[in-house]
Amino acid sequence: MSAILIVEQVLNGLQVGIMLFLTAAGLTLIFGVMGLINLAHGSLYMIGAFAAAAVAGATGSFLLALVAALAAAAVAGAVVEMVVIRRLYASDHLDQVLATFALILIFSEGTRWVFGSFPMYLEIPEYLSGPVTLPGGIQYPLYRLMLICVGLAVALGLWFLIERTRIGIQIRAGENDREMIAALGVDISRLYTLVFALGAALAGLAGALVGAIQSVQVGMGEPVLILAFVIIVIGGIGSIRGAFIGALLVGLTDTLGGIFLPAMFKLFMAPASATSVGSSLASMAIYILMSLVLVWKPTGLFGVRG
Amino acid sequence: MIPERHVNAALLVGLVAVPMWALAADEPYTITLATRAVILALAAVGLNIALGIGGLVSLGHAAFFGIGGYAMGILAFHAQTFTPLDFGAFSVAGTKSMPVIWLAALVLSALAALVIGLLSLRTSGVYFIMITLAFGQMFYYFTISWSTYGGEDGMSIYVRNSFPGLDTLVPVQFFGICLILLCLVLFLNARLVRSRFGLALNAARQVSVRVETVGLDPTRLKLLAFVISGAVTGLAGALFADLNRFVSPAMFSWQFSGEIMVLVILGGVGRIFGPVVGAVVFVTLEHVLGGLTDFWHIYLGVILLLIVLFAQGGIIGLLCGRRVHHD
């Protein structure tokens, strides 16, 4: 097991984690501000990917595709918030789960109806394909490196938006006391729509970016949604910082576990059974991580809410 | 408004009459559909014990359904290949006997529910929903990578398991077994609701603190409810596997957890017969709409959305008026 392989896998883990952060950030923001559990968040991820694939297919421009992904997911998010989600803020979590589960059914089948069941492909543009040589002579795909940079930039932007701008103050105030900021003259329902659209846009962006290295298909959002849940449970629901740390932990655990656990078991088991035990354990690794965090801190690493 | 017991009685009569008609008219597919409805109803009755009485919104009940299914699959697989099930220190022979398989399904899913419940009940609210979901996924990914028992492809059991004195390959006889089990569980469920435990659990859902002040431990009540709930759903999983003679990781999928929750809500949360109504309506919709369009899930989604937004209390709530408690 060479050092180069380890560095490569750590970078892969970071890349997976950062992309998961984009999805988890929206989810945790929506829960933190509106107290809403949104199962349909994965559908917004899927909408971003499909919009990007459709626009890239029509225009050939990757940048336009990303813009389309952001716009389509944000618009879908805003519309869903105004038509359905708005009625659920006062409901209990059970109703929220069911209504957003219904939205998944509608979005998934609707997308299948429009685009068909076959996967679509989103090409990595020429100027982002191919490997780059990192210091130390490590070859790494440029596109994945770009994903890490874009993700970090978005994380930084999100931090700036929430900590340093007026809208961020309103969002943070909304988390603490919605009646009070409504009384202070902030249009709370506009703020909610905005937060929901922002979360949706982040998920859509992630869908488009990841769509270029995986296939774009119906149902692509749900595995990501569940990982995002694991992340915000680990990080603490409502905490963006927690989502960031949680996403990196999950990305690294999942990627490194898949490579190193089978190898580790080979040290003291027959190769065939080591591979099978190792890969079974690796597929469960993030859930084991989650239960450990939970036993240690039931409200997550950075959580305050029960 | 119709009294709830009339709806329940009509439902039971229908569940017997429709397969009898199908038998007379020689329509075995209708009997299979009815069996599917009864088994899904049993799974949902299990969830309703945790969800309706205990207030535990579990989005991971597919885990127990899948464990029941794999208990059947693994025991029958070893019986049909004549290989013992090896645990290292000791080994067990496979079996094709339904009662033994049911027992294994009940015990294993109850054990899983105990472990998952112990961990998940440390939390509440949204955390509980997400954690149960994540545990369900953990089993899903585990079975996908479990190549001994078919991995992602699942495995087929060639002959339906046997029940003493009956020929389970005859659709109506297997239907009878499933219906009797469902009725038995419904009866026990009704007894449970009226028992001291049921009353305490009901109180623990509503005002946990008050239950604590009278010296009961709400977490233990909820844990017990979760274990019973998981065991019933596990039993349904074993029957479902026998109906299809096939088990696969799809039994563990979180969509299935969502679907059985939909059955409970569609019929009416916390009503003894709510899950049964939900399952019958769901299977009928699936059959009718599924025959008309490939995209019937859109309609299911719209119906579900309308029920959540405008018709709380589900179908029984619409028919019998909004009362959270059964009569």
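Since we're looking at a predicted model, the values are computed, not measured. Naming convention: chains lettered A, B, ... in sequence-line order (proteins, then strands); numbering from 1 in each chain.
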Does CZ belonging to B:Phe142 count more than 12 external heavy atoms closer than 6.0 Å?
-> yes
Would you please test A:Arg87 and B:Leu309 for side chain to side chain contact (heavy atoms under 4.5 Å, CB included) and show each step?
-> CA-CA 7 Å; A:Arg87 301 166 198 273; B:Leu309 292 179; 4.0 Å; yes
Rounded distance (nearest 0.5 Å) linking atom CD of B:Gln255 with atom CG of A:Leu105 | 9.0 Å
A:Arg172 atom CZ, over 12 foreign heavy atoms within 6.0 Å = yes
For B:Leu59, is it the side chain, the backbone, both, or neither that has a heavy atom closer than 4.5 Å to a heavy atom of chain A?
-> side chain
Min side-chain heavy-atom separation B:Phe139-A:Tyr287 under 4.5 Å = no
Please set out all donor-acceptor pairs under 3.5 angstrom arising from side-chain atoms of residues 218-235 of chain A, sequence neighbours excluded.
none

Option in A:Ala282, A:Ala99, A:Ala102, A:Gly300 with maximal non-hydrogen atom pairs under 4.5 Å from chain B | A:Ala102
Turns out that what part of A:Ile37 lies under 4.5 Å from chain B's heavy atoms comes down to side chain
B:Tyr127 side chain to A:Leu294 main-chain N or O, any donor-acceptor pair under 3.5 Å?
-> no
Heavy-atom distances under 4.5 Å only: say whether B:Leu51 touches chain A with side chain, backbone, both or neither.
-> side chain
What are the two closest heavy atoms between B:Asp294 and A:Glu109, and how far apart are they?
-> O-OE1, 3.8 Å
Are B:Met130 and A:Ile237 close enough that some pair of their side-chain heavy atoms sits under 4.5 Å apart?
-> yes
Proximal component of B:Leu305, with respect to chain A [non-hydrogen, under 4.5 Å] = both
Winner by heavy-atom pair count (cut-off under 4.5 Å) against chain B, out of A:Leu88, A:Leu98, A:Val97 = A:Leu98
What distance do B:Met138 atom CE and A:Met290 atom CE have between them, rounded to the nearest 0.5 Å?
-> 8.0 Å
Against chain B, label A:Ile286 side chain, backbone, both or neither, depending on which of its atoms sit under 4.5 Å from a heavy atom there.
-> neither
Can you measure from CD1 (B:Ile131) to OG (A:Ser291) and round to the nearest 0.5 angstrom?
-> 9.0 Å
A:Leu281 versus chain B, the contacting section by heavy-atom distance below 4.5 Å = neither
Under 4.5 Å between any side-chain heavy atoms of A:Leu39 and B:Trp254, yes or no?
-> yes
If one checks every heavy atom of B:Val262 against chain A at 4.5 Å, the contacting part turns out to be both
Atom CG of A:Leu103 and atom CG of B:Leu304: how far apart are they, to the nearest 0.5 Å?
-> 9.0 Å
Examine whether an atom of B:Leu119 lies under 4.5 Å from a heavy atom of chain A, and if so say whether it belongs to the side chain, the backbone or both; otherwise answer neither.
-> both
